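Below is one structure, written out as structure tokens; comments come after it.
Since this is a predicted model, take the numbers as computed values, not measurements.
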Amino acid sequence: MENRDRKKNDCAWVWAVLDRPLTNAQRDALTTLFVPTGKAGRKQEDVRLLAYALRGYVLYRQYGLAPERQQWRTTVHGRPYLSAHPKIDCSLSHSGSMAVCAVGRPFVGVDIQKVKRAVSLPLAQRVCTRTELRWLWQKEEAQRVEAFIGLWALKESYLKWSGEGLSRSMRSFSAYEKMPGKVETSLQGVSFSLCTPLPGYRAALCTQGPCLPDMKPIPQEQILQFYTERSRFYSIPTSLGVKL
């Protein structure tokens, strides 16, 4: 794991929901601007593009970084970082119709998960410590599913914070919501926040030290309007400008 600077945190944590599909012009413009990697279905592609747009929006609002000038690289474990601003960290996640982003200094990790219908014991055994398994299986099935998804989001947020990603097993540490608003963990030097931004979703934030800001929603229309108003500054074809 990288050496983490223990300076005071400075972070923001925001989420957005895909209220309606992107138009072809919006999709093409955002794809040109952000050049996403990998393939996804149409709905997931729209959510992923919204997530990238949200990241550009919050980096501009928080630090004044223009989206077209943000150059991203990845670590050996696939963690993205700003090559020109290594002290500004950013973490991104999307699931279902929701996107979530956290930016901060020195480091942040964020994850969002859509609550599934059921959780199997074999899956839980791949993710949970023995203590976590006991905690989960003391619950009724409906509560168990939501608790497990929260646990998963907490662990993902830490692995993003640490930069280890999937190179480290989730079973190697514990992080779960033992009581509402109280995260029990075997980790030292980090703080967690777990919330439900919308019914059916659980989002988690991991930071170093006590900085755990309130999670704020950003409407899809506001994000797209941000790019519309600044499109002449971006290196995208005029014909592909975002139209609301």
Give the C-alpha distance, both sets of side-chain angles, the deciding distance and a yes or no for side-chain contact (heavy atoms from CB on, under 4.5 Å) between M170 and L159. CA-CA 8 Å; M170 288 188 181; L159 292 174; 4.1 Å; yes
Working for side-chain contact (heavy atoms from CB on, under 4.5 Å), residues L224 and F226: CA-CA 5 Å; L224 295 177; F226 166 78; over 6 Å; no
message = side-chain contact (heavy atoms from CB on, under 4.5 Å), that's the test. Do V110 and W15 meet it? Break it down for me.
response = CA-CA 11 Å; V110 73; W15 60 268; over 6 Å; no
Under the side-chain contact (heavy atoms from CB on, under 4.5 Å) criterion, do Y201 and S97 qualify, and how do the steps go?
CA-CA 10 Å; Y201 290 88; S97 298; 3.9 Å; yes
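For residues 178-191, there are no salt bridge (Lys or Arg N to Asp or Glu O under 4.0 Å) pairs, not counting sequence neighbours.
Side-chain N or O atoms of T129 include none that pairs as donor or acceptor with a backbone N or O of R171 at under 3.5 Å. In this structure, E45 contributes its side chain and L49 its backbone to no donor-acceptor pair below 3.5 Å. Judged purely by atom type and a 3.5 angstrom limit, R27 uses its side chain to pair as donor or acceptor with the backbone of L22. No donor-acceptor distance shorter than 3.5 angstrom exists from the side chain of K116 to the backbone of I149, with no hydrogens or angles considered. A distance-only check finds a donor-acceptor pair linking the side chain of T185 to the backbone of S174 [under 3.5 Å]. Counting only distance, with no hydrogens or angles, the side chain of Q26 and the backbone of T23 share a donor-acceptor pair below 3.5 Å. Judged by distance alone, the side chain of K155 and the main-chain N or O of V127 form a donor-acceptor pair under 3.5 Å. No donor-acceptor distance shorter than 3.5 angstrom exists from the side chain of T196 to the backbone of L198, with no hydrogens or angles considered.
Counting non-hydrogen atoms of other residues, nucleotides and ligands closer than 6.0 Å to CG of D19 gives a total above 12. More than 12 heavy atoms of other residues, nucleotides or ligands sit less than 6.0 Å from atom CZ of R61.
Separation of atoms CG (N24) and CG (D28) is listed at 6.5 Å; rounding is to 0.5 Å. Expressed to the nearest 0.5 Å, how far NE2 of H85 lies from SG of C90 amounts to 12.5 Å. From K216, atom NZ reaches atom CD1 of I218 across 8.0 Å, with rounding to the nearest 0.5 Å. Residue R168 holds its CZ atom at 6.5 Å from OG of S162, rounded to the nearest 0.5 Å. Here the straight-line distance linking atom SG of C206 with atom CZ of F107 works out to 12.0 Å at 0.5 Å rounding. Note that OG of S157 is 12.0 Å distant from CD1 of I112, once rounded to the nearest 0.5 Å.
Residues K160 and S93 meet the side-chain proximity criterion, which asks for heavy atoms closer than 4.5 Å. Using a 4.5 Å cut-off on side-chain heavy atoms (C-beta onward), L151 and E132 make contact. A 4.5 Å side-chain heavy-atom check between L65 and L82 finds at least one atom pair inside the cut-off. When side chains are defined from C-beta on, E177 does not count as touching F192, because their heavy atoms never get closer than 4.5 Å. Residues P219 and P217 are not in side-chain contact: their nearest non-hydrogen atoms beyond the backbone lie 4.5 Å or more apart. Counting heavy atoms from C-beta outward, P197 and V100 have side chains that stay 4.5 Å or more apart. Y60 places none of its side-chain heavy atoms less than 4.5 Å from the side chain of R55. Under the 4.5 Å side-chain criterion, counting only non-hydrogen atoms from C-beta, R105 is in contact with Y63.
Comment: D89 engages R79 in a salt bridge, judged by a side-chain N to carboxylate O separation of less than 4.0 angstrom. Taking a cutoff of 4.0 Å between a charged side-chain nitrogen and a carboxylate oxygen, R144 and E141 do not qualify as a salt bridge.
The two atoms that bring A53 and L30 nearest to each other are CB-CD2, 4.3 Å, heavy atoms only. Residues A204 and W13 share a closest heavy-atom pair of C-CZ2, 3.8 Å. Here the closest non-hydrogen pair linking L205 and P213 is CD2-CD, 3.8 Å. C128 and F148 get closest at one heavy-atom pair: SG-CE1, 4.0 Å.
Note: F34 and Y227 have perpendicular aromatic rings, judged against thresholds of 30 and 60 degrees for the angle between ring planes.
Taking the six-membered ring for Trp and the full ring otherwise, the centers of W135 and Y176 sit less than 6.0 Å from each other.
When the side chains of ILVMFWY residues are joined at heavy-atom separations under 4.5 Å, either directly or via intervening members, L54 and Y81 end up in two distinct hydrophobic clusters.
Side-chain contact of D111 with Q113: a donor-acceptor pair under 3.5 Å is present, judged by distance alone. Inspection of the Q225 and E221 side chains reveals no N or O donor paired with an N or O acceptor under 3.5 Å.
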